[in-house]
Amino acid sequence: MYFTSFEQFINMNGHGFYVWLSYACFALLVVTNIWVAQQRHRRLRKQIKSRLGRSAKV
Amino acid sequence: MAMHPKRKKKLILVLLMLTGVGLIVGLVLYALSQNINLFFPPSDIAQGKAPYEKRIRAGGMVREGSVVRSPDSLLVTFVLTDYAHDVTVSYEGILPDLFREGQGIVAQGKLQPNGVFVADEVLAKHDENYMPPEVTDAINQANDMGEKAGAVYK
Amino acid sequence: MSWFDNWHLPKWFYQMASPKWFYDFGARLQPWFAGLALILISWGLVWGLLYAPADYQQGNSFRIIYVHVPAAILGQSLFLFMAVAGAIGLIWKIKVAFMVARSATLVGASFTALALITGAVWGKPTWGTYWVWDARLTSTLILLFLYTGVMALNQAIPDRSVAGRATAILAIIGSINIPIIKYSVDWWNTLHQPSTFTLTSKPSMPPEMYIPLLLMVIGCYCFCAWLIMQRTRNEILDQERQSSWVARYLED
């Protein structure tokens, strides 16, 4: 372990703001990309299913 | 008459694309007009390739032992070198953390007719080599030891 | 010219052209890529943030490298990937290839944007500025604009096969920018330092700094593989919603 205390880890010798901002952007990118893809998958399935249901009734 | 929403959407997109392409071309021209090279190395300045009294950038290494700080102001002078030619730079302001002797920098400012480069901005340029501090300490120590060992055999 | 007539591409190449086959193939491969990405990225993050030593000059701001370099590599690789997929679509008239290219666009654009943002955030403490118009930074910004151009073109053309062809051409032409980005630091003098991470030469840092970077890069490739497969499968569902196999899949 490079850091000896939790405060040191957060502060990063004064570079904490820059480091954590970069990692936060990375996390945001990963999470939104997953969310967008899965949301679209769910929506498409629902759409196609409801249309299939309608055509089955006719 | 109201525009068909689909066509309106298309028109907006085409306009967006046009501005996008325009922006790209503009940026390219901007980059070219400024010369794609970011800075003049000291050799170019020594050979008279850099214009006087015009805002330009000069880049190179800070010569070891050349940094002179004024005792009562933020004025700093140092020698910028590419190990072939030297340029004296004077700068008043706060230097970046990575500014060190033997380190690369890029300074923006004007070259005076007397050959002194008066900078209003100094940026630190670092190389692609990364090292933990212990390693550099060890290297420096090894060098010191080597010098001492050399002294013994002399 | 008989060798040319007898020249065959492998079977999987033609199989991939079938949307149904790709949909199943993606479903089978996705968990592996998801698992690998999760392991490699979390391993790389913990190592890079907690265990890797700080740089002797930059201190802890050096840790930004573990997100900046993977983002830049992926942003550039995915543009080439998009151009190759588009070219395959153009040459063999494969619909799925256009769908793959379309699915990669936003992913590549977001990684390029991340590279620019993290680069700016890293530039402030090390160089002393967020931005400078040097060749590396400007050509990377142009890459982001090329991505947005491809996305806008995709949106503007409702016919998917026309859009696929048009964006493929734009992506192929735009690929010229990739070697410009790569060699900008060698061809011109820039504030940006030369590459740390190359396939041909030995890394310019010790293993305890280099291995977490390698883990992050491979992990991000796996993440993109997972994501592009998911997005392509969405695209297949969308465009093939009339086919009987989609109905069969969604009934149970």
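Below, chains carry the letters A, B, ... as their sequence lines are ordered, and counting in each starts from 1.
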Self-check item: Over all atoms of both residues, closest heavy-atom pair of C:Ala163 and C:Asn154
Solution: CB-OD1, 3.7 Å

Quiz prompt | Enclosure of B:Leu75 CG (heavy-atom neighbours >12, cutoff 6.0 Å) | solution = yes

Self-check item: For chain C, the option from B:Leu95, B:Leu98, B:Val106 that forms the most heavy-atom pairs under 4.5 Å
Solution: B:Leu98

Self-check item: chain B contact via C:Gln58 - which portion, at a heavy-atom distance below 4.5 Å
Solution: both

Self-check item: Heavy-atom pair count under 4.5 Å with chain B, highest-scoring of C:Leu146, C:Leu141, C:Val132
Solution: C:Val132

Exercise. Say whether, by atom type as modelled, one donor and one acceptor occur between the side chain of B:Tyr83 and the main chain of B:Asp86 under 3.5 angstrom.
Key: no

Please output the side-chain donor-acceptor pairs of residues 69-88 of chain C that fall under 3.5 Å, not counting sequence neighbours, one pair per line with the distance.
unit_1, atom_1, unit_2, atom_2, d
C:Gln76, NE2, C:Ala72, O, 3.3
C:Ser77, OG, C:Ile73, O, 2.7
C:Ser77, OG, C:Tyr221, OH, 2.6

Self-check item: Contacting moiety of C:Ile157, where chain B heavy atoms sit under 4.5 Å
Solution: neither

Quiz item: Checking heavy atoms, do the side chain of C:Val185, its backbone, both or neither come under 4.5 Å from chain B?
Solution: neither

Self-check item: Which of C:Pro194, C:Gly128, C:Gly123, C:Ala135 touches chain B most, by non-hydrogen pairs under 4.5 Å
Solution: C:Pro194

Quiz item: Hey, would you say the B:Tyr130 and C:Tyr210 ring centroids sit under 6.0 Å apart?
Solution: no

Self-check item: Within 6.0 Å of CH2 in C:Trp43, more than 12 heavy atoms from elsewhere
Solution: no

Quiz item: Highest number of heavy-atom pairs under 4.5 Å with chain B: which of C:Met205, C:Gln57, C:His192?
Solution: C:Gln57

Self-check item: Which atoms of C:Phe145 approach chain B - backbone, side chain, both or neither, heavy atom under 4.5 Å
Solution: both

Quiz prompt | Greatest number of heavy atom pairs closer than 4.5 Å to chain B - which of C:Asp55, C:Thr126, C:Asn189 | solution = C:Asn189

Quiz item: Where do C:Pro53 and C:Glu208 come nearest, in terms of heavy atoms and distance?
Solution: CD-CG, 3.5 Å

